[in-house]
Protein chains: 2
Amino acid sequence: MNTKPEDNFPFICGLDAALRVIGGKWKPLVLYFLRKGPMRYGELQRSVRGVSDKVLIQQLKELEAHGIVLRTDHREIPPRVDYTLTPLGCSLADALTSLCGWGEKHSATIAAALAGREKEGVG
Amino acid sequence: MNTKPEDNFPFICGLDAALRVIGGKWKPLVLYFLRKGPMRYGELQRSVRGVSDKVLIQQLKELEAHGIVLRTDHREIPPRVDYTLTPLGCSLADALTSLCGWGEKHSATIAAALAGREKEGVG
DNA sequence: CCGAATCCGTGTCGATACTG
DNA sequence: CAGTATCGACACGGATTCGG
């Protein structure tokens with residue numbers, strides 16, 4: 001078994017390592033919304049529009065197992081579960097902000113490209 | 001209706017928009033390696049270890065259709081194809097650097113978490 | 001919040017056109 | 001036969017939909 005950090009680096013690069021954590025289809029969005037503060041499960045599902053409850057829970061569990069989010073079950077009726085970013089998850093969400101800014105800045109271009117790239121002179 | 005940004009924003013947020021472009025499993029890695037300069041297809045496939053030729057070509061085509069990379073077929077024998085980042089792709093690759101840095105910084109923690117999180121005192 | 005059926009993205013293998 | 005870039009059929013795993 002490998003115990004040394006050098007041996008525990010089966011990644012191509014830092015980006016590859018990060019992708020192992022946010023590799024899920026919706027994980028980056030979860031990080032993004034959780035960045036503003038703790039959220040209940042339902043709140044999260046409504047925010048990340050398009051995700052199914054099954055997958056959201058699944059990816060939430062993975063993020064929890066990877067030490068990115070913290071799940072708090074208040075054991076109440078009706079069920080009340082909060083999800084919060086750990087310090088590690090917070091730093092990860094912070095690393096996503098530049099990507100978020102890029103998406104905002106080029107949203108029109110991206111939308112045009114996704115639509116079929118018929119014309120790019122939208123500005 | 002001249003395609004105002006508000007109309008061309010079918011995204012939840014900027015991060016959502018960015019994910020439409022780098023949504024593929026290997027696209028971020030492609031951006032990362034292409035960031036250093038033009039690369040031939042074979043070079044790219046050897047760099048992004050783990051990706052199959054079929055999927056790499058597929059995602060390369062999508063990136064090209066989205067205006068992120070530029071495909072240059074030299075029409076030579078043997079086949080010679082170069083892939084380069086467009087200015088847009090270059091800015092996208094730049095937005096990924098913070099994520100890359102995060103992965104490098106926490107690579108040991110990530111590796112431990114992926115291994116099952118048995119212990120985190122690897123340092 | 002979990003399970004079964006289904007669809008889509010991805011991985012594996014094989015095939016193609018042409019040169020050395 | 002070996003190498004380069006690309007595509008096709010098939011199978012697996014992840015993601016969505018529906019049902020409990």
Side-chain angles (χ1 to χ4, degrees), chain A residues 10 12 15-16 18-34 38-66 68-84 113-114, chain B residues 10-12 15-16 18-34 37-66 68-85 114:
Chain A
I12 300 176
L15 182 57
D16 183 32
L19 290 175
R20 308 296 180 103
V21 178
I22 58 170
K25 187 175 182 179
W26 304 98
K27 288 179 185 174
L29 274 317
V30 171
L31 270 293
Y32 172 77
F33 286 109
L34 243 38
M39 289 181 76
R40 296 186 54 172
Y41 169 78
E43 198 77 26
L44 207 47
Q45 207 205 348
R46 279 186 292 274
S47 299
V48 187
R49 242 183 290 270
V51 68
S52 60
D53 55 351
K54 175 179 168 65
V55 174
L56 180 55
I57 290 180
Q58 171 189 313
Q59 308 214 343
L60 242 14
K61 288 201 171 196
E62 292 177 12
L63 288 174
E64 184 191 9
H66 294 166
I68 303 299
V69 305
L70 191 65
R71 181 177 181 276
T72 305
D73 190 344
H74 295 271
R75 309 289 287 169
E76 296 176 358
I77 299 295
R80 175 188 175 88
V81 179
D82 287 329
Y83 289 94
T84 317
L114 293 177
Chain B
F11 310 121
I12 301 176
L15 182 59
D16 182 31
L19 289 175
R20 308 295 180 104
V21 178
I22 58 171
K25 185 175 182 179
W26 305 98
K27 289 178 185 174
L29 275 315
V30 171
L31 271 292
Y32 173 78
F33 285 108
L34 244 37
M39 289 181 78
R40 291 186 57 173
Y41 167 78
E43 198 78 26
L44 206 47
Q45 209 209 340
R46 279 185 292 272
S47 299
V48 185
R49 243 183 286 270
V51 70
S52 60
D53 54 353
K54 173 183 164 64
V55 175
L56 180 56
I57 290 183
Q58 172 188 314
Q59 308 214 343
L60 242 15
K61 290 207 167 196
E62 292 177 10
L63 288 174
E64 185 192 9
H66 294 166
I68 303 299
V69 305
L70 191 64
R71 180 179 179 274
T72 305
D73 190 343
H74 294 270
R75 309 287 285 171
E76 294 175 358
I77 299 296
R80 176 189 176 87
V81 179
D82 287 328
Y83 288 93
T84 318
L85 286 184
L114 293 177

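Just so it is clear: chains get the letters A, B, ... in the order the sequence lines come, proteins before strands, and each one is counted from 1.
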Verify the contact: side-chain N or O of [X] to OP1 or OP2 of [N], cut-off strictly under 4.0 Å; return yes or no.
X	N	value
B:K54	D:dA5	no
A:W26	D:dG14	no
B:R40	D:dA5	yes
B:Q59	C:dG9	no
B:K25	C:dC8	no
B:Y83	D:dT6	yes

For [X] and [N], give me the distance from atom [atom1] to atom [atom2], rounded to whole Å.
X	N	atom1	atom2	answer
B:L19	D:dA15	CG	C1'	15 Å
B:Q45	D:dA5	CD	C1'	10 Å
B:Y41	D:dA5	OH	P	8 Å
B:H74	C:dC18	NE2	C1'	18 Å
B:R80	D:dT6	CZ	C1'	17 Å
A:R49	D:dT16	CZ	C1'	18 Å
B:I57	C:dT16	CD1	P	17 Å
A:L60	C:dC2	CG	P	11 Å

> Does B:L56 or B:D53 map to a spot on DNA chain C nearer the 5' end, using the closest nucleotide for each?
Replying inline: B:L56
Looking across every strand, which nucleic acid part, if any, lies under 4.0 Å from [X] by heavy atom: base, sugar-phosphate, or nothing?
X	value
A:V55	base
A:Q58	sugar-phosphate
A:R71	sugar-phosphate

Between [Y] and [X], is there a side-chain heavy-atom distance shorter than 4.5 Å?
X	Y	value
A:L63	A:L31	yes
A:W26	A:L56	no
B:K27	B:V21	no

> Taking the side chain of A:V81 as heavy atoms from C-beta outward, which of C:dG11, D:dT16, C:dC1 is closest to it?
Replying inline: C:dC1
> Is A:K61 paired with A:E64 through a side-chain N to carboxylate O contact shorter than 4.0 Å?
Replying inline: no
>> I need the minimum non-hydrogen distance between A:V69 and A:L60, along with the two atoms involved.
In response: CG2-O, 3.7 Å
